[in-house]
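These numbers were taken from a predicted model, which means no experiment stands behind them. Index from 1, following the sequence.
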Amino acid sequence: MGSRNATREDFDYVLDALRSGTLDMGSYITHRCGFDQMIGQFDSWLRPTELVKKVKAGDSTAAAIASYLKADVRVAALSGDWSKIFPEMAGDTTTGEGAYYRNQIEKLIQLGVMSKDPLGNFNPDEEMTVGEFIRCISKLMNLEKSTFAGYPDGKLTREIMGAILDDAYHAKFSSKPKYMTDYNGTAVVPDDPNYDPYMDPGSRGAMYYPLVSWQQLMDTAQIAPHLASKVKEAYELGLIRSEKGIARGQMVNGTELEPKVAVTREKAAKALYFMWVLQQAVNVENDVSYLK
């Protein structure tokens, strides 16, 4: 009956079936809630975990639906352990504060660029070393490690990461990738009279260039002179951003680059993920789980 091609006769047929009791609507009802609760509850109805709960409670309809689930999915739904279904999931980045960069982290694990420890944790707050970051970006972008020969191993700071990202960008691209040209639009910010918070972001235009200019950053004088030009270019390309004072879901822009601050594994994953994005085709769904 959801078809736009349904005729009046089709509707009459279904209504007669309902009136006569031929069609038992009760057998199609798997959940009940008030209309005001629909938004909050509907998403959970689609989860296998909710389905198997109903099976355990003796719901025959749920049991019939659950019979179509793969065996390993049923086991995961019952146990709550999804690591065999989604091996990229880490124990400490699925929920809570460690999940802030979950999407980026899981993609890097999925690609085999970053990894979990023997306990299945990612350790998002652990500091990265220069050597580790170079190994990751070399594998991610299929670059020779010799590209980054000028960086001795040690603590990875934001200024060193910015310079490495700039080197990787120039080693990989002879011109701006399409994400920087075909896809990049002019963002309509909340202060603009034409801003519509309910419009799809893609329709509003996507802009990744920093909204705070290099000249507005307050701490660029702290950058090591031999790295300054590379860090500046990386910032203006959008490869590295100000992290201090930003907030997810809000139009809040930082004015400090914090060049001497150590880079954690989660922040490294964020930067690496963007470099992976630059290599992909624009406006195409991409769930690639391997590197070419």
K.L.:
Apply side chain to side chain contact (heavy atoms under 4.5 Å, CB included) to L257 and V231, showing your working.
P.N.:
CA-CA 10 Å; L257 197 58; V231 176; 3.7 Å; yes
K.L.:
Taking all heavy atoms of L278 and all of P177, pick out the closest pair and write down the distance.
P.N.:
O-CB, 3.4 Å
K.L.:
Check whether any side-chain heavy atom of T93 sits under 4.5 Å from a side-chain heavy atom of Y101, and report yes or no.
P.N.:
no
K.L.:
What heavy-atom pair brings S213 and Y235 nearest, and what distance separates the two atoms?
P.N.:
C-CE2, 4.1 Å
K.L.:
Return the minimal non-hydrogen interatomic distance between P48 and L69, and the atom names on each side.
P.N.:
CB-CD1, 4.3 Å
K.L.:
Is there side-chain contact between I109 and F86, with at least one heavy-atom pair below 4.5 Å?
P.N.:
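Result no, sub-4.5 Å side-chain heavy-atom pair not found.
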K.L.:
Going by ring-ring contact (aromatic ring centres under 6.0 Å, His included), name the residues that satisfy it together with Y151, two or more places apart in sequence or in a different chain.
P.N.:
none
K.L.:
Find the distance between OG1 (T157) and CE (M128) and round it off to the nearest 0.5 Å.
P.N.:
12.5 Å
K.L.:
Under the salt bridge (charged side-chain N to carboxylate O under 4.0 Å, His left out) rule, collect the residues that match up with K232, sequence neighbours excluded.
P.N.:
E236
K.L.:
Looking only at heavy atoms, what is the nearest atom pair of A228 and I223, with distance?
P.N.:
CA-CG2, 3.7 Å
K.L.:
About how many Å separate CD1 of I164 and CG of L239, when rounded to the nearest 0.5 Å?
P.N.:
12.5 Å
K.L.:
Check ring-ring contact (aromatic ring centres under 6.0 Å, His included) between Y273 and all other residues, then give those that pass, not counting sequence neighbours.
P.N.:
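Partners of Y273 under the ring-ring contact (aromatic ring centres under 6.0 Å, His included) test: W276.
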K.L.:
Between D10 (side chain) and T7 (backbone), is there a donor-acceptor pair under 3.5 Å?
P.N.:
yes
K.L.:
Taking N121 for the side chain and N123 for the main chain, is one N or O donor matched with an acceptor at less than 3.5 Å?
P.N.:
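Flag not set: sc N121 to bb N123 has no pair under 3.5 Å.
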K.L.:
What's the spacing between M161 CE and K267 NZ if we round to 0.5 Å?
P.N.:
9.0 Å
K.L.:
Report the residues that fulfil side-chain contact (heavy atoms from CB on, under 4.5 Å) with A168, sequence neighbours left out, ordered by chain and then residue number.
P.N.:
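With sequence neighbours excluded, A168 shows a side-chain contact (heavy atoms from CB on, under 4.5 Å) to I137, M141, L143, F148, M275, given in chain and number order.
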K.L.:
Is there a chain of hydrophobic side chains (I, L, V, M, F, W, Y, each step under 4.5 Å between heavy atoms) that links V73 to L51?
P.N.:
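Looking at the clustering, L51 is in the same group as V73.
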K.L.:
Enumerate the residue pairs fulfilling salt bridge (Lys or Arg N to Asp or Glu O under 4.0 Å) with a member in residues 155-165, sequence neighbours excluded, ordered by first and then second residue.
P.N.:
E159-K260
K.L.:
Provide the full list of salt bridge (Lys or Arg N to Asp or Glu O under 4.0 Å) pairs with a residue in residues 116-141, sequence neighbours left out, each pair given once.
P.N.:
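Checked against salt bridge (Lys or Arg N to Asp or Glu O under 4.0 Å) - neighbours excluded - no pair reaches residues 116-141.
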K.L.:
For K230, enumerate each residue passing the salt bridge (charged side-chain N to carboxylate O under 4.0 Å, His left out) test, keeping only those at least two apart in sequence or located in another chain.
P.N.:
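D167.
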K.L.:
When rounded to the nearest 0.5 angstrom, what distance separates CG in L217 from CD in Q215?
P.N.:
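Between L217 CG and Q215 CD, I get 8.5 Å after rounding to 0.5 Å.
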K.L.:
Can you tell me if CG on L119 sees more than 12 non-hydrogen neighbours from other groups inside 6.0 Å?
P.N.:
yes
K.L.:
What pair of heavy atoms forms the shortest contact from D166 to A234, and how long is it?
P.N.:
OD1-N, 3.9 Å
K.L.:
Do I105 and M114 have side chains that get closer than 4.5 Å, going by heavy atoms?
P.N.:
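No. Closest side-chain heavy atoms not under 4.5 Å.
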K.L.:
Can you confirm whether L156 sits close enough to T129 that some side-chain heavy atom of one is under 4.5 Å from a side-chain heavy atom of the other?
P.N.:
no
K.L.:
Would you say the side-chain atoms of Q104 and K107 include a donor-acceptor pair closer than 3.5 Å?
P.N.:
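No - no donor-acceptor pair under 3.5 Å links their side chains.
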K.L.:
Taking only residues two or more places apart in sequence, or in another chain, which ones meet F173 in a ring-ring contact (aromatic ring centres under 6.0 Å, His included)?
P.N.:
Y169
K.L.:
Quick check against the 3.5 Å criterion: does T94 have a side-chain atom that pairs as donor or acceptor with the backbone of A90?
P.N.:
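Answer holds: yes.
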K.L.:
For F122 and A269, work out which heavy atoms get closest and say how close.
P.N.:
CZ-CB, 4.5 Å
K.L.:
Quick one: salt bridge (Lys or Arg N to Asp or Glu O under 4.0 Å) pairs with a partner in residues 66-92, sequence neighbours left out?
P.N.:
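Not a single pair qualifies under salt bridge (Lys or Arg N to Asp or Glu O under 4.0 Å).
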K.L.:
Going through the checks in order, is the side chain to side chain contact (heavy atoms under 4.5 Å, CB included) test met by K54 and T61?
P.N.:
CA-CA 9 Å; K54 285 188 165 290; T61 302; over 6 Å; no
K.L.:
Between L140 and Q279, is a side chain to side chain contact (heavy atoms under 4.5 Å, CB included) present by the stated rule, with each step listed?
P.N.:
CA-CA 10 Å; L140 180 72; Q279 302 174 80; 4.2 Å; yes
K.L.:
Who passes side-chain hydrogen bond (donor to acceptor under 3.5 Å, both in side chains) against E256, sequence neighbours left out?
P.N.:
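K244.
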K.L.:
Would you find more than 12 non-hydrogen atoms of other residues, nucleotides or ligands less than 6.0 Å from Q37 atom CD?
P.N.:
yes
K.L.:
E106: what forms a salt bridge (charged side-chain N to carboxylate O under 4.0 Å, His left out) with it, not counting sequence neighbours?
P.N.:
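Here the qualifying residues are R102.
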K.L.:
Salt bridge (Lys or Arg N to Asp or Glu O under 4.0 Å): which pairs involve residues 270-282, sequence neighbours left out?
P.N.:
E243-K270
K.L.:
With rounding to the nearest 0.5 Å, note down the distance linking CZ in R265 to OG in S115.
P.N.:
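So the CZ of R265 and the OG of S115 are separated by 6.0 Å.
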K.L.:
Less than 4.5 Å apart, side chain to side chain, heavy atoms only: is that true for T255 and S242?
P.N.:
no
K.L.:
Can you tell me how far apart CZ (F274) and CG (L237) are? Round to the nearest 0.5 Å.
P.N.:
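One finds 8.5 Å between CZ of F274 and CG of L237.
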K.L.:
Would you say D153 and I134 make side-chain contact, with heavy atoms under 4.5 Å?
P.N.:
no
